[in-house]
Amino acid sequence: MAINENPPTQTGVAPMVEARDVHKYFHRNEVLRGISMQVRKGEVVVLIGPSGSGKTTFLRCINHLEKINSGRIFIEGRLIGYREQPNGTIIEDSERNIARVRAEIGMVFQRFNLFPHMTALENIIEAPIQVKGMSRDQAITHARALLAKVGLENKENAYPGRLSGGQQQRVAIARALAMDPKLMLFDEATSALDPELVGEVLKVMRQLAEEGMTMIVVTHEMGFAREVSDRVIFMDGGVIVEQGAPEQVISNPQQERTQAFLRKVL
């Protein structure tokens, strides 16, 4: 039996993220099979599970990079990607409205996706200037503070090709933070890195968690999940199989599917 219980929501406060019975198909393949969950403001939720379980797809649905086939996803009580009609049906929202909500959600991908022809500083200031209308001077000041935050204050003029994988990923995190997001999504942010570089990225993510950033993290780093997350969700086959506090799910899983997965990764 799948365990799909959400923590109680603070009275009168909309969750940062709420998914209701989300389904997603790729052709005839149902990748998400009725995902329902909530993430409170300031909560760090880690999604674990085998490849193909739907973790990344769900993350991409949250900011409407993937369109859901049915269900609802809300960000602070606002429907993302769609508008509900008076008769209860939904239609896709305008690109302008989608972009406005998406600008409040930072996403860090497995691959760094930096602009190779731009320096670290230029990568970070691009979106605040183009999307938020920030002045160049203000954007530069903010970008330099973010580079210092991720430990790269001396790399502002370096191009991505001159940076290590860990450094590129930290620039990517700074770039996402430059938009002052209220929610950060991390999709296997360390899986493309050499093992010795993983720690420097996880350090930045730990710092964000300590500062109260709401985060949903897809990762295979069980140490990070155990130490930093408020809640761990195990997904398999497009459903939530089990969720709870990290010491419960990782150290004492109740479901056989969770137990089998953790035996392979721990």
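Throughout, numbering of the chain's residues begins at 1 and tracks the sequence.
Checked by atom type and distance alone, the side chain of Asp236 never pairs as donor or acceptor with a backbone atom of Ser53 at under 3.5 Å. Remark: side-chain polar atoms of Glu156 are not paired, donor with acceptor, to backbone N or O of Leu121 under 3.5 angstrom. Between the side chain of Asn123 and the backbone N or O of Thr119 there is at least one donor-acceptor pair closer than 3.5 Å. Looking at Asn69, its side chain does come within 3.5 Å of a backbone N or O of Tyr25 through a donor-acceptor pair. Side-chain atoms of Gln167 come within 3.5 Å of backbone N or O of Ser164 as a donor-acceptor pair. Distance alone, capped at 3.5 Å, is enough to place a donor-acceptor pair between the Ser191 side chain and the Glu188 backbone. No donor-acceptor distance shorter than 3.5 angstrom exists from the side chain of Arg226 to the backbone of Pro246, with no hydrogens or angles considered.
In this structure, the separation between CD1 on Ile250 and CD on Glu242 is 11.0 Å, given to the nearest 0.5 Å. In this structure, Ile73 CD1 and Leu79 CG are separated by 9.0 Å, a value rounded to the nearest 0.5 Å. Separation of atoms CD1 (Ile68) and CZ (Arg60) is listed at 14.5 Å; rounding is to 0.5 Å. One distance of note links CZ of Phe58 with CD of Glu66; it measures 13.0 Å at 0.5 Å rounding. With rounding to the nearest 0.5 Å, the separation of CZ in Phe26 from OG1 in Thr57 is 4.5 Å. Distance CG/Asn252 to CD/Glu247: 10.0 Å, rounded to 0.5 Å.
Considering all non-hydrogen atoms of both residues, Leu177 and His142 come closest at O-NE2, 4.1 Å. Taking all atoms of both residues into account, the shortest heavy-atom contact from Ala174 to Leu146 is O-CD1, 3.5 Å. Among all heavy-atom pairs drawn from Gly106 and Ala176, the shortest one is CA-CB, 4.2 Å. Residues Ala172 and Val108 come closest through the heavy atom pair O-CG2, 4.3 Å. Shown here for Gln110 and Gln169, the closest heavy-atom pair between the two residues is O-NE2, 3.7 Å. The shortest heavy-atom contact between Ala14 and Gly77 is CB-N, 3.8 Å.
Environment of NZ in Lys203: sparse, with no more than 12 heavy atoms of neighbouring residues, nucleotides or ligands closer than 6.0 Å. Residue Arg78 qualifies as enclosed at atom CZ: its count of foreign heavy atoms under 6.0 Å is above 12. The environment of NZ in Lys132 is crowded: more than 12 heavy-atom neighbours from other residues, nucleotides or ligands sit within 6.0 Å. Applying the 6.0 Å contact sphere to CZ of Arg33 captures no more than 12 heavy atoms from other residues, nucleotides or ligands.
Side-chain contact check for Ile233 versus Ile48: every heavy-atom pair is 4.5 Å or farther apart. Here the side chains of Ile124 and Glu122 are not in contact, with every heavy-atom distance at 4.5 Å or above. The closest side-chain heavy-atom distance from Thr258 to Val249 is below 4.5 Å. Using a 4.5 Å heavy-atom cutoff, the side chains of Ile62 and Leu185 are in contact. Using a 4.5 Å heavy-atom cutoff, the side chains of Ile105 and Pro181 are not in contact. Side-chain contact between Val13 and Arg40 is absent, with no heavy atoms from C-beta onward closer than 4.5 Å. Under the 4.5 Å side-chain criterion, counting only non-hydrogen atoms from C-beta, Val232 is not in contact with Gln248. Residues Arg206 and Glu227 are in side-chain contact: their nearest non-hydrogen atoms beyond the backbone lie under 4.5 Å apart.
Both Leu266 and Val241 belong to a common hydrophobic cluster when Ile, Leu, Val, Met, Phe, Trp and Tyr are linked at side-chain heavy-atom distances under 4.5 angstrom. Val101 and Leu183 fall within the same hydrophobic cluster, where Ile, Leu, Val, Met, Phe, Trp and Tyr residues are linked whenever their side-chain heavy atoms come under 4.5 Å apart, directly or through other members. Under the 4.5 Å side-chain heavy-atom criterion for ILVMFWY residues, a single connected hydrophobic cluster contains both Leu193 and Leu208. Cluster membership check: Val150 does not share its hydrophobic cluster with Tyr159, using side-chain heavy-atom separations under 4.5 Å among Ile, Leu, Val, Met, Phe, Trp and Tyr. Cluster membership check: Leu65 does not share its hydrophobic cluster with Met179, using side-chain heavy-atom separations under 4.5 Å among Ile, Leu, Val, Met, Phe, Trp and Tyr.
Using modelled atom types, one finds a donor on one side chain and an acceptor on the other under 3.5 Å when comparing Thr56 with Asp187.
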- Query: Run the side chain to side chain contact (heavy atoms under 4.5 Å, CB included) check on Arg231 and Val46 step by step: do they pass?
  - Reply: CA-CA 6 Å; Arg231 187 157 43 107; Val46 168; over 6 Å; no
- Give the intermediate values and the outcome of salt bridge (Lys or Arg N to Asp or Glu O under 4.0 Å) for residues Glu18 and Arg20. CA-CA 7 Å; Glu18 182 178 10; Arg20 299 180 188 169; 3.2 Å; yes
- Message: Test side chain to side chain contact (heavy atoms under 4.5 Å, CB included) on Phe186 and Leu59; report intermediate values, then the result.
- Response: CA-CA 8 Å; Phe186 291 88; Leu59 213 62; 5.8 Å; no
- Please report the C-alpha distance between Arg175 and Asn113 in whole Å, then the side-chain angles of each, then the deciding distance to 0.1 Å, and finally whether the side chain to side chain contact (heavy atoms under 4.5 Å, CB included) criterion is met. CA-CA 11 Å; Arg175 181 177 62 179; Asn113 294 337; 4.0 Å; yes
- Residues Ser70, Asp21; criterion side chain to side chain contact (heavy atoms under 4.5 Å, CB included); working and verdict: CA-CA 7 Å; Ser70 65; Asp21 195 26; 5.6 Å; no
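With respect to the salt-bridge test (charged N to carboxylate O, under 4.0 angstrom), the residues Glu92 and Lys67 qualify. For Lys41 and Glu43, the salt-bridge test fails: no basic side-chain N is under 4.0 Å from an acidic carboxylate O. Under a 4.0 Å N-O distance rule, the pair Glu211/Lys149 qualifies as a salt bridge. One finds a salt bridge joining Glu200 and Arg170 here, because a Lys/Arg side-chain nitrogen approaches an Asp/Glu carboxylate oxygen to under 4.0 Å.
Phe234 pairs with exactly one of Lys55, Gln243, Arg257 by the side-chain contact (heavy atoms from CB on, under 4.5 Å) rule, that one being Arg257. Partner of Val17 under the side-chain contact (heavy atoms from CB on, under 4.5 Å) criterion, chosen from Ile75, Thr214, Val45: Ile75.
Looking at residues two or more places apart in sequence or on another chain, you find a side-chain contact (heavy atoms from CB on, under 4.5 Å) between Glu256 and Gln259, Ala260, Arg263. Residues forming a side-chain contact (heavy atoms from CB on, under 4.5 Å) with Thr89 (at least two apart in sequence, or on another chain): Gln85, Asn87. Residues passing the side-chain contact (heavy atoms from CB on, under 4.5 Å) test with Glu95 are Ile98, sequence neighbours excluded. With sequence neighbours excluded, the residues that form a ring pair (Phe, Tyr, Trp, His ring centres under 6.0 Å) with Tyr82 are His64. Remark: Arg136 pairs with Ile125, Ile129, Ile140 by the side-chain contact (heavy atoms from CB on, under 4.5 Å) rule, at least two apart or across chains. Partners of Ser229 under the side chain to side chain donor-acceptor pair (under 3.5 Å) rule, at least two apart in sequence or in another chain, do not exist in this structure.
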